[in-house]
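Below you'll find the structure, written out as structure tokens, and then a few comments.
The structure displayed is predicted, hence computed values, not measured ones.
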Amino acid sequence: MLIFQSLQMALKQIFARKMRSFLTMLGIIIGVASIILLVSLGKGVSYGVNEQLGDLGSNLITVYNNSTSKTNQLDLKDVASYKNIDGVSHIAPELDGTANVLTDQGGRAYSVVGTNEQFKQVHNVKLAKGRFLSPIDVDTNQKVAVIGQEVATKIFGFGDPINQTIKLNGFNYRVVGVLEKSGESLLGSTDKKIVLPISSAERLLKKQTINTIYIQADSASDVKLVISILNSRLSLKFKDENQNSDNPVFQIVNQKEILDTFNTINTLLTNTLGAIAAISLIVGGIGIMNIMLVSVQERTKEIGIRKALGAKRSTILMQFLIESAVISVTGGIIGILIGSMGALLFGTIADVPSGISVGVISFAFIFALTVGIVFGISPANKAAKCKPVEALASM
């Protein structure tokens, strides 16, 4: 009953001074909203990245070729030998370049990727229509192409690209497939790419240097063994080149390591931002304490009369503590709503999960409540210690 009455009186005081109460809450509102928004964004980005990279699997290995040698480069023979390594499921070399596509509207440069039929499995790409490259396309240097969604729209509009011809650097290529829209990701988008058989791409781009090799192990447990064998073979191949740690001749990257490193950095960054946002909550708590001290001073008469009529010290203490907590909790609820809406809005615009969780909201709410109680102790204690005679004498 005492708590209910104290709560009623606290709400009465808040509504009696609406503007002052709102300004008092402002620090709490900003603090709670900042915590929810920043932490949720951090978690949302983490979910998005893990989803993108997770689709490729934790058993993906990437070999980057940084060699500048003109006589000793990664080629299709090396790729064929790496395919025979125990634990390797799929392997897709990539030869990158650009080619000019001639259309009725003129010429336009597009990104070209020369690869093999296993690119589809390694990159987990899906077809909107048609087919992907086949082993025969690669073995017989077929002039066929699989194009991304944006390329198809730019060149053919609403027409069907399948079995249509496109001119790449003056050479005719038959479109055999169109990829599903992929959107932007950490590994890039296939929407603006033209995928060719690597044997045909070598002639088109007039180069045979393989820039990147994507290797998919049979399982995550085979990754370490495959990397070890690859490292030995590549070190032997490039033994005559200067192995500079700042610019290595080759790099072997494990998908799981990328995910682990990213998650570690993202967690540290998210926690740091959350801690910085929590500082504004403490500032808000100081604001509550100051306003409550002013309130005690203004209500000296009320406190003196209540004590003269027999109100206990604990009753006065409880009233002002509840008033401080109500201000803090109300600000916390408003902050939760603003922070949650902000996180949802950003997630929609950036096309990533919002990252809002019960844990984040509960933490922000409990922290706000704690701030209100802790910073309300001093004003409440001052009110409780007020002597009736002195309070009434100051009227």
ask   = Which heavy atom of G148 sits nearest a heavy atom of L179, and at what distance?
value = CA-CB, 4.4 Å
request  = Not counting sequence neighbours, which residues clear side chain to side chain contact (heavy atoms under 4.5 Å, CB included) with I338? List them please.
outcome  = I29, A33, I334
query = According to the salt bridge (charged side-chain N to carboxylate O under 4.0 Å, His left out) rule, which pairs have a member within residues 116-129, sequence neighbours left out?
reply = K129-D160
request  = Indicate yes or no for a side-chain donor-acceptor contact from S324 to the backbone of G372 under 3.5 Å, with no hydrogens or angles considered.
outcome  = yes
ask   = Does Q142 have any side-chain hydrogen bond (donor to acceptor under 3.5 Å, both in side chains) partners at least two apart in sequence or in another chain, and if so, which?
value = T140
Donor-acceptor pairs are to be reported for all side-chain atoms of residues 194-201 against protein atoms at under 3.5 Å, with residues two or more places apart or in another chain.
from : atom 1 : to   : atom 2 : distance (Å)
S199 : OG     : V138 : O      : 2.6
S199 : OG     : N141 : OD1    : 2.9
S200 : OG     : Y173 : OH     : 2.8

query = Do I327 and V329 share a hydrophobic cluster (ILVMFWY, side-chain heavy atoms under 4.5 Å, transitive)?
reply = yes
ask   = If you measure from CG on L168 to OG1 on T98, what distance do you get to the nearest 0.5 Å?
value = 11.0 Å
ask   = Who passes side chain to side chain contact (heavy atoms under 4.5 Å, CB included) against T370, sequence neighbours left out?
value = I366, V374
ask   = Do L60 and V125 belong together in a cluster built from hydrophobic side chains that touch within less than 4.5 Å?
value = no
key: Residue L337 excluded, over 12 heavy atoms near CG under 6.0 Å   = yes
key: Check: D218 and S89 side chains under 4.5 Å, non-hydrogen atoms   = yes
task = Would you mind reporting whether I147 and F156 have side-chain heavy atoms less than 4.5 Å apart?
result = yes
key: Verify same cluster id: I28, F375 (apolar side-chain graph, 4.5 Å)   = yes
task = Report the residues that fulfil salt bridge (Lys or Arg N to Asp or Glu O under 4.0 Å) with R131, sequence neighbours left out, ordered by chain and then residue number.
result = D137
query = Can you find a heavy atom in the side chain of R203 that is under 4.5 Å from one in the side chain of F171?
reply = no
request  = I would like to know whether I85 and R233 meet side-chain contact (heavy atoms from CB on, under 4.5 Å); could you show each step before the answer?
outcome  = CA-CA 11 Å; I85 295 175; R233 292 195 183 184; 3.8 Å; yes
message = Between R174 and N163, does the side-chain contact (heavy atoms from CB on, under 4.5 Å) criterion hold? Intermediate values first, please.
response = CA-CA 6 Å; R174 181 169 58 90; N163 291 322; 3.0 Å; yes
task = Might you work through the side-chain contact (heavy atoms from CB on, under 4.5 Å) test for N211 and L95, ending with a clear yes or no?
result = CA-CA 6 Å; N211 310 97; L95 184 68; 4.2 Å; yes
ask   = Is there side-chain contact between T212 and Y64, with at least one heavy-atom pair below 4.5 Å?
value = yes
Any residue meeting ring pair (Phe, Tyr, Trp, His ring centres under 6.0 Å) with F363, in chain and number order, not counting sequence neighbours = F367
query = Counting only N and O atoms by type, is there a donor-acceptor contact under 3.5 Å from the side chain of T115 to the main-chain atoms of P93?
reply = yes
task = Determine the interplanar angle of the F119 and F132 rings, folded into 0 to 90°, and report it as parallel if under 30°, tilted if 30 to 60°, perpendicular if over 60°.
result = parallel
remark   = On a heavy-atom basis, the closest approach of I35 and A364 is CG2-CB, 4.3 Å
ask   = Is the shortest heavy-atom distance from the side chain of V32 to the side chain of F365 under 4.5 Å?
value = no
request  = Following the transitive rule for hydrophobic clusters with a side-chain heavy-atom cut-off under 4.5 Å over Ile, Leu, Val, Met, Phe, Trp and Tyr, establish whether I356 and I349 coincide in one cluster.
outcome  = no
message = Show the nearest heavy-atom pair for residues P161 and V178, with the distance to one decimal.
response = CG-CG2, 3.8 Å
request  = Find the distance between CD1 (I91) and CD1 (I215) and round it off to the nearest 0.5 Å.
outcome  = 4.0 Å
ask   = Any donor and acceptor pair, going by atom type alone, linking the side chain of Q73 with main-chain N or O of S67 inside 3.5 Å?
value = yes
message = Is there a path of hydrophobic side-chain contacts, each under 4.5 Å between heavy atoms, that joins I336 and V371?
response = yes
Using residues 223-231 as the side-chain source, report each donor-acceptor pair under 3.5 Å to any protein atom, sequence neighbours left out, with the distance given to one decimal.
none

query = What residues form a side-chain hydrogen bond (donor to acceptor under 3.5 Å, both in side chains) with Q121, not counting sequence neighbours?
reply = none
query = Are any of the side-chain heavy atoms of M289 and S378 separated by less than 4.5 Å?
reply = yes
ask   = Can you list every pair that meets salt bridge (charged side-chain N to carboxylate O under 4.0 Å, His left out) and has a residue in residues 71-87, with sequence neighbours left out?
value = D78-K237
ask   = With N172, which residues qualify under side chain to side chain contact (heavy atoms under 4.5 Å, CB included), at least two apart?
value = T165, K167
query = How many angstroms lie between atom CD1 of I291 and atom CG of L23, to the nearest 0.5 angstrom?
reply = 8.0 Å
Close side-chain approach of L234 and L74, heavy atoms under 4.5 Å = yes
note = Those residues at least two apart in sequence (or on a different chain) that pass side chain to side chain contact (heavy atoms under 4.5 Å, CB included) with S34 are I30, A277
key: Polar side-chain atom of N59 near backbone of A217 as donor-acceptor pair, under 3.5 Å   = yes
task = Show your working on side chain to side chain donor-acceptor pair (under 3.5 Å) between Q216 and H90 and close with a plain yes or no.
result = CA-CA 5 Å; Q216 198 173 56; H90 298 95; 3.2 Å; yes
query = So, does S328 use its side chain to make a donor-acceptor pair with the main chain of A368 at under 3.5 Å?
reply = yes
Heavy-atom pair of closest approach, residues G339 and I36 = C-CG2, 3.8 Å
request  = Output yes when a side-chain donor or acceptor of Q149 lies under 3.5 Å from a complementary backbone atom of D191, and no otherwise.
outcome  = no
Under 3.5 Å donor-acceptor, S357 side chain and V360 backbone = yes
key: Flag, side chain of N254 to backbone of I61, donor-acceptor distance under 3.5 Å   = no
inquiry  = Could you check whether any side-chain heavy atom of V146 comes within less than 4.5 Å of a side-chain heavy atom of V176, counting everything from C-beta outward?
reply    = yes
request  = Could you walk me through whether N65 and F238 pass side-chain contact (heavy atoms from CB on, under 4.5 Å), step by step?
outcome  = CA-CA 10 Å; N65 175 23; F238 296 112; 4.0 Å; yes
